[in-house]
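Worksheet: one structure, shown below.
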Amino acid sequence: MAVTADERASLLDAVRELAQQRIAPLAAEIDREGRFPHEWVELMRENGVFALCFDEEYGGTGTGALLKLQAVEEISKVDATAGLLLAVQDLAAIPVRLAGTPEQRARYEPRWASGEVIAAYALTESEAGSDSAAMRTTAVRDGGHYVLNGAKRFITNAGVAGTYAVFAKTDPSAGHAGVSAFMVEADDPGFSVGRLEHKMGIRGSTTGELLFDDCRIPADRLLGREGDGFRLAMRVLDRSRPGIAAQALGLAQGAIDYALAYAQERHAFGKPIAAQQGIQFMLADMQTRTEAARLLLYRVGEMLDEGATAPSFTRYSAMCKLLCSDVAMDVTTDAVQILGGYGYIAEYPVERMMRDAKICQIYEGTNQIQRVVIARELLAGR
Ligand SMILES: Cc1cc2nc3c(=O)[nH]c(=O)nc-3n(C[C@H](O)[C@H](O)[C@H](O)COP(=O)(O)OP(=O)(O)OC[C@H]3O[C@@H](n4cnc5c(N)ncnc54)[C@H](O)[C@@H]3O)c2cc1C
């Protein structure tokens with residue numbers, strides 16, 4: 001569906017209202033208790049929010065990438081864990097969208113679009129993070145099945161997801177070319193969830209270990225062809241990194257909005273701190289950098305909607321993730337500074353926002369890895 005400017009605005013207004021009225025009031029509690037926000041999943045299900053990530057043919061709104069990114073941004077303005085629910089539902093669906101057969105797409109996408117099933121994406125292992133091709137999980141063909149053995153680490157939505165896009169070696173001697181992608185379902189025999197991590201930020205999101213102990217899955221759960229998994233994982237990241245950029249951007253804007261209001265109310269030396277040029281300059285820099293990051297992210301959203309492909313898109317995607325997350329870290333830190341001592345205590349949301357911002361510089365490729373990707377494309381002269 002081609003979405004008009006008015007439709008776009010009204011969809012985003014609806015998401016903003018949900019975020020501000022239904023998500024924001026629980027944000028501090030979810031963070032403090034570090035519990036998964038089942039009520040937000042239900043809220044997003046009831047209001048069709050997950051559908052924003054999917055094509056009409058598979059139960060989605062078909063409204064495209066830019067609108068989805070803007071929705072992640074709106075939600076993350078009030079809570080980054082909630083924004084991540086949407087960003088990861090998209091991330092984990094991309095392998096099936098890119099490499100799935102029509103049957104595979106029909107099996108999974110409508111249930112992800114409705115939110116009936118939560119999805120997860122499992123690439124990282126304890127000895128294979130930035131260097132993901134060093135993974136050790138194996139998948140061996142056995143008649144009409146594959147048998148998976150190994151473990152994944154740091155997987156978002158571990159334990160709450162119904163499906164996991166899992167990367168494993170079908171040919172351990174072949175390096176990158178030995179990686180294949182599979183769909184594993186939560187009730188598959190031999191699959192279990194190990195320990196869940198305690199974290200600095202996005203504390204409502206589960207991050208955990210996946211264990212495969214002779215995990216037997218039907219052979220038709222292979223995505224694409226054997227050996228295509230590494231290339232698929234990289235194509236997925238090209239398309240999912242903007243989601244993390246949107247999460248970061250929402251955090252930055254949410255922190256600015258809070259600090260701006262606070263600076264006009266808080267008095268020191270007989271006047272609002274916002275009357276001090278030192279504070280004004282901080283706010284001006286924060287908004288300028290956030291706006292510049294937003295322009296790059298939205299451009300990347302438009303490129304996705306125009307059907308952009310690698311390699312130049314790879315660079316743009318990495319650049320927007322790098323810029324938005326670095327800006328978010330700086331801006332949320334400055335927001336804490338503007339609140340002074342109050343910024344450092346949990347009663348004020350900028351403390352949570354600063355902790356939440358940090359992960360955006362780490363996951364879906366650390367910001368060093370984004371720079372590696374950007375430099376590689378630049379040096380290749382594309
Ligand atoms: C909360 C959370 C959620 C996550 N969710 C998921 C998920 O859903 N699915 C999933 O698959 N993974 C997930 N991850 C994993 C995440 O993507 C990895 O942690 C990340 O890619 C870094 O890998 P690593 O932790 O092994 O760090 P390492 O690869 O060990 O890196 C350590 C340091 O070395 C640097 N470094 C490494 N190589 C280079 C290089 N070539 N040049 C310069 N510097 C380098 C890194 O930037 C980093 O600073 C998650 C992680 C966290 C913490």
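Along the sequence shown, residues carry numbers from 1. Read the numbers this way: they start at 1 and go in the same order the structure lists the ligands and their atoms.
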Starting from atom 40 (C) of ligand 1, what is the nearest protein heavy atom, named by residue and atom, and what distance separates them? Ile369 CD1, 3.9 Å

In ligand 1, the atoms that come under 4.0 Å of a heavy atom of Ile359 are 1 (C), 2 (C), 52 (C), 53 (C)

The protein heavy atom nearest to atom 19 (O) of ligand 1 is Phe154 CD1, 3.7 Å

Test applied, side chain to side chain contact (heavy atoms under 4.5 Å, CB included); reference residue, Leu296; option that passes from Leu323, Val327, Leu322: Leu323

Do protein heavy atoms approach atom 30 (O) of ligand 1 to less than 4.0 Å? no

Quick check: Ala122 and ligand 1, any N/O pair under 3.5 Å apart? no

Residues, nucleotides or ligands: over 12 heavy atoms within 6.0 Å of Glu57 CD: no

Without hydrogens or angle criteria, can the side chains of Thr163 and Trp112 be said to hold a donor-acceptor pair below 3.5 Å? yes

So, is Ala128 polar-close to ligand 1, with some N/O to N/O distance under 3.5 Å? no

Would you check whether Thr156 has a nitrogen or oxygen atom less than 3.5 angstrom from a nitrogen or oxygen atom of ligand 1? yes

Can you tell me the protein heavy atom closest to atom 44 (N) of ligand 1 and the distance? Gln368 CB, 3.5 Å

When Arg371, Lys358, Arg289 are each screened for salt bridge (charged side-chain N to carboxylate O under 4.0 Å, His left out) with Asp326, the one that passes is Arg371

Check the side chains of Lys199 and Thr207 for a donor-acceptor pair under 3.5 angstrom, ignoring hydrogens and angles. yes

Does atom 34 (O) of ligand 1 have a protein heavy-atom neighbour under 4.0 Å away? no

Short side-chain donor-acceptor distance under 3.5 Å, Thr137 and Asn149: no

From Ser126, Ala120, Ser130 - option closest to atom 27 (O) of ligand 1 by heavy atom: Ser130

Against Tyr164, only a single residue in Phe191, Tyr121, Tyr108, Phe212 fulfils ring pair (Phe, Tyr, Trp, His ring centres under 6.0 Å); can you say which? Phe191

Under 4.0 Å from a heavy atom of Thr207: give me the atoms of ligand 1 that qualify, with their elements. 1 (C), 2 (C), 3 (C)

Does Lys199 approach ligand 1 within less than 4.0 angstrom via side chain, backbone, both or neither, non-hydrogen atoms only? side chain

Could you tell me which atoms of ligand 1, counted from 1 in the order shown, lie closer than 4.0 angstrom to a heavy atom of Tyr121? 7 (C), 8 (O), 9 (N), 10 (C), 11 (O)

Would you check whether Glu125 has a nitrogen or oxygen atom less than 3.5 angstrom from a nitrogen or oxygen atom of ligand 1? no

Enumerate the atoms of ligand 1 whose separation from the nearest heavy atom of Ile362 is less than 4.0 angstrom. 20 (C)

For Glu364, counting its heavy atoms only, list the atoms of ligand 1 lying under 4.0 Å from any of them. 17 (O)

Regarding Tyr344 and Gln337, do their side chains bring together a donor and an acceptor under 3.5 Å, going by distance alone? no

Which atoms of ligand 1 sit under 4.0 Å from any heavy atom of Thr366? 22 (C), 46 (C), 47 (O)

Atom CZ of residue position Phe36 - does it have more than 12 heavy atoms of other residues, nucleotides or ligands inside 6.0 Å? yes

Nearest non-hydrogen atom to atom 10 (C) of ligand 1 belongs to which of Val372, Asn367, Thr124? Thr124

Check whether the side chains of Ser317 and Asp238 place a donor and an acceptor atom closer than 3.5 Å, and report yes or no. no

Heavy-atom protein contact below 4.0 Å for atom 15 (C) of ligand 1: yes

Run down the list Gly129, Ala233, Ala134 and name the one with the heavy atom closest to atom 26 (O) of ligand 1. Gly129

Which atom of Ala134 lies closest to which atom of Ala128, heavy atoms considered: C-CB, 3.7 Å

Polar side chain donor-acceptor pair, Gln247 to Glu73, under 3.5 angstrom: no

